[in-house]
Structure formats: C-alpha cells, structure tokens
2 protein chains.
Amino acid sequence: MFIEINSNSDVPIYLQLAHQLMEGMVRGELKAGDSLPSVRAFASDLGMNMHTVNKAYHYLEEKELIQIVAKSGVIIQPNVVSKATEEKKQKLVAQLRPYVTEGLVLNLSEEELVLMVRKLVQNIEEGNE
Amino acid sequence: MFIEINSNSDVPIYLQLAHQLMEGMVRGELKAGDSLPSVRAFASDLGMNMHTVNKAYHYLEEKELIQIVAKSGVIIQPNVVSKATEEKKQKLVAQLRPYVTEGLVLNLSEEELVLMVRKLVQNIEEGNE
DNA sequence: GTAATTGCTCTACTATATGTATAACAAATG
DNA sequence: CATTTGTTATACATATAGTAGAGCAATTAC
C-alpha cells in the first residue's frame, strides 16, 4: 500500500490520505479485518503530523469504512465494502453534480462523461496513477 | 433563471451561485452575449454580499465561461459552451476520482455509477431539483 | 508487574478560506 | 453632470487546515 502525498495540491493532506486508503479498499489491498498503522507510526512514515493522520482516520470512520477501537490501538474495517444506502447515494449524486455540470459546460457529451467514469473505475481498480 | 441558495449547505455560497449559473449556461438560459446583473444588483436580489457575487463571477471568469469587461459593467459569456482542453479534462477527471472511489467503496457497480451520471446529465439539462 | 504503545484530549499557534461590511477610485453610461 | 460599473482596500468574525507538544487512561508486550 503505497501512499503518495502531494503537498502542492489544493486537496488537504488528510483527504489525500483518506482517498488513497479508500482506493486501497476498493482494490482489496485493505481487506475487512486488516489493521492500519497507529496514528503516530503512520504520521512518522508519511512525514506528517499525528493529528493529520487522526483526521483522516476519523473521516473514514464517519463514512463507516473503518472502526476505531478506543484505546486498543487496533483499527479494523468491518463492513468494507458496505452497502450503499439511498441516502449515501443521494449525497454522492449531489457531490457529483457540479463536476458533471462543468463537463457539460465544457461541451462534453453524455457519452464522453460516461467514458470518463468508466476509465476512472478501471484506473482506480488497477491502481493506476 | 432562478437562483436558490442553501445557507445551511457546506458548499460556499459563491460556489453555489457559480454552479447554478453554469447550469443555466448548459440549459441555454444564459446564452453567449447575454449580460449578467451587476454585482451590487445581484447581491441585493439574492440577499448576499457584493463581494460574494464578485467572487462567483471571478470563479466563472477563471474557467473562461464569462468575460468581465473592466469598468463597463457588462458581463458577457463569449465562448460558452467552449471546447474542452485536454488539460481541463484531466483536471475534471482528477476531481471526479475521489467521488468515483467513494461509489466503488460503497459497493456500487460501474454500471450504477454510469447510470448515476446519465441521470445527472438529464436533471441538469432539464433543470430539475 | 512494569514499560511501551495505543487512541484520545487539551491547548496553542499559524495560515488560509469564507462571508460580511464600508469606503473610495476610475471609467463607462445615461 | 450624475449614476452605475467593476475594482480595490481595509476591517472584522468565523471556520478549516496543519503543525506542535503535553498528558491521560487503557491495552499490549515483555
């Protein structure tokens, strides 16, 4: 599981970390039951602050993708991959909307947008760039 | 052109405004050559601050969707809908990536994601919700 | 049982983003 | 000439992002 952080990106560090962990889950590199490094160890490895890793963990916990066990130090993901609630799907749609709009205003066709998504799915599942 | 701002949303007001103007462009309600209200008038209409409207306008100008003519007061959109540069498409793909990842980790299939996009395109073009 | 590790919390500081607010300037418009 | 225009400047409040250090209580390892 390689993590690559771009400090020049406008995407916050903790989100970059969380996103890449999510991609690891999709790829099966992080399976249900696996544990993640401690916030201190991970922060040290990645050259970032403990609190930043902590924030990424809590972000993933809020999405019910991992489970943080109180003072036990172990972090496991029980229901990954989980079921998509209708509520979660609606939220996702709302978040996608401005980007689809931007595609349309850039004169991309529906088919071009669909192809974009298909390629993205491939890249994420194969772990490309 | 109805603008509806949700002050409870976590999406900044100026982005909500910009997004809805973009949807208006997609729908053809805002055509090339049309002018937009002045920042003061628009802000007054929408019950928000002048600077917030100004920020939305500059956001759209940066995307080359509108043209702000110096101190002339007129705002026109010359090349809407414009051509999608390869650079712009790559940027869009990068922005879409975390959301597609979230869909996958929610156990949505590629086809479900594609259907999501198709429905979004329809809703945006028809001006639904 | 002791020591190390764990997640968690608290405080603190810096920087940036967001939104509101007022004022003023220079150019275009009526 | 007066109004309207986008622009700029300053100011203030709040929130987010990131770093930093210290400490607590429970679990884990030896």
Side-chain angles (χ1 to χ4, degrees), chain A residues 3-22 30 33-78 94-95 98, chain B residues 3-22 30 33-78 94-95 98:
Chain A
I3 303 292
E4 202 180 338
I5 300 298
N6 179 9
S7 32
N8 294 335
S9 170
D10 53 338
V11 181
I13 299 177
Y14 81 96
L15 277 186
Q16 290 186 46
L17 176 55
H19 290 159
Q20 291 186 40
L21 289 175
M22 281 169 66
L30 295 176
D34 288 355
S35 61
L36 288 176
S38 76
V39 288
R40 286 180 179 82
F42 214 177
S44 176
D45 278 1
L46 299 173
M48 64 180 67
N49 195 275
M50 176 193 75
H51 298 290
T52 307
V53 177
N54 197 254
K55 198 164 185 179
Y57 280 0
H58 280 272
Y59 173 84
L60 293 174
E61 194 191 31
E62 205 178 303
K63 291 193 178 298
E64 300 175 30
L65 298 178
I66 66 173
Q67 226 182 39
I68 305 177
V69 184
K71 277 150 190 171
S72 155
V74 234
I75 299 183
I76 34 175
Q77 35 286 74
Q95 289 173 313
Chain B
I3 304 290
E4 202 179 338
I5 300 297
N6 178 10
S7 31
N8 294 335
S9 170
D10 52 337
V11 181
I13 298 177
Y14 81 95
L15 277 186
Q16 290 186 46
L17 175 56
H19 289 159
Q20 290 187 39
L21 289 175
M22 281 168 66
L30 295 176
D34 287 356
S35 61
L36 289 176
S38 77
V39 287
R40 287 178 178 82
F42 215 177
S44 175
D45 278 0
L46 300 173
M48 65 181 65
N49 194 275
M50 177 194 74
H51 298 289
T52 306
V53 176
N54 197 254
K55 200 164 184 179
Y57 280 1
H58 280 272
Y59 173 84
L60 294 174
E61 192 191 33
E62 205 177 305
K63 291 192 178 299
E64 300 176 31
L65 298 178
I66 67 174
Q67 226 182 40
I68 304 178
V69 184
K71 277 149 191 171
S72 154
V74 234
I75 300 181
I76 32 174
Q77 36 286 75
Q95 288 172 315

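First the proteins, then the strands, lettered A, B, ... as listed; each starts at 1.
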B:Phe42 and B:Tyr57 aromatic ring geometry - parallel, tilted or perpendicular at 30°/60° bounds: tilted
Minimum side-chain heavy-atom gap A:His19-A:Gln16 below 4.5 Å: no
Minimum side-chain heavy-atom gap B:Ile68-B:Leu60 below 4.5 Å: no
Nearest non-hydrogen partners of A:Ile66 and A:Leu36, listed with the distance: CG2-CD1, 4.4 Å
Separation of D:dT14 C1' from B:Asp10 CG (nearest whole Å): 16 Å
Atom-to-atom span, CZ of A:Phe42 to P of C:dT5 - whole angstrom: 18 Å
Short side-chain N/O contact from B:Ser38 to OP1 or OP2 of D:dT4, under 4.0 Å: no
Separation of C:dG7 C1' from A:Leu36 CG (nearest whole Å): 13 Å
Under-4.0 Å side-chain N/O to phosphate OP1/OP2 contact, B:Asn54 with D:dG6: no
Over all atoms of both residues, closest heavy-atom pair of A:Met48 and A:Leu17: SD-CD2, 4.3 Å
Nucleotide-resolved protein contact map, nucleotides 13-24 of chain C, B/S/- at heavy-atom distance under 4.0 Å: -----SSBBBBB
Student check: side-chain heavy atoms of A:Asn49 and A:Ile13 closer than 4.5 Å: no
A:Leu60 CG - C:dG7 C1' separation (whole Å): 16 Å
Distance in angstrom units between B:Ile68 CD1 and C:dA28 P, rounded: 16 Å
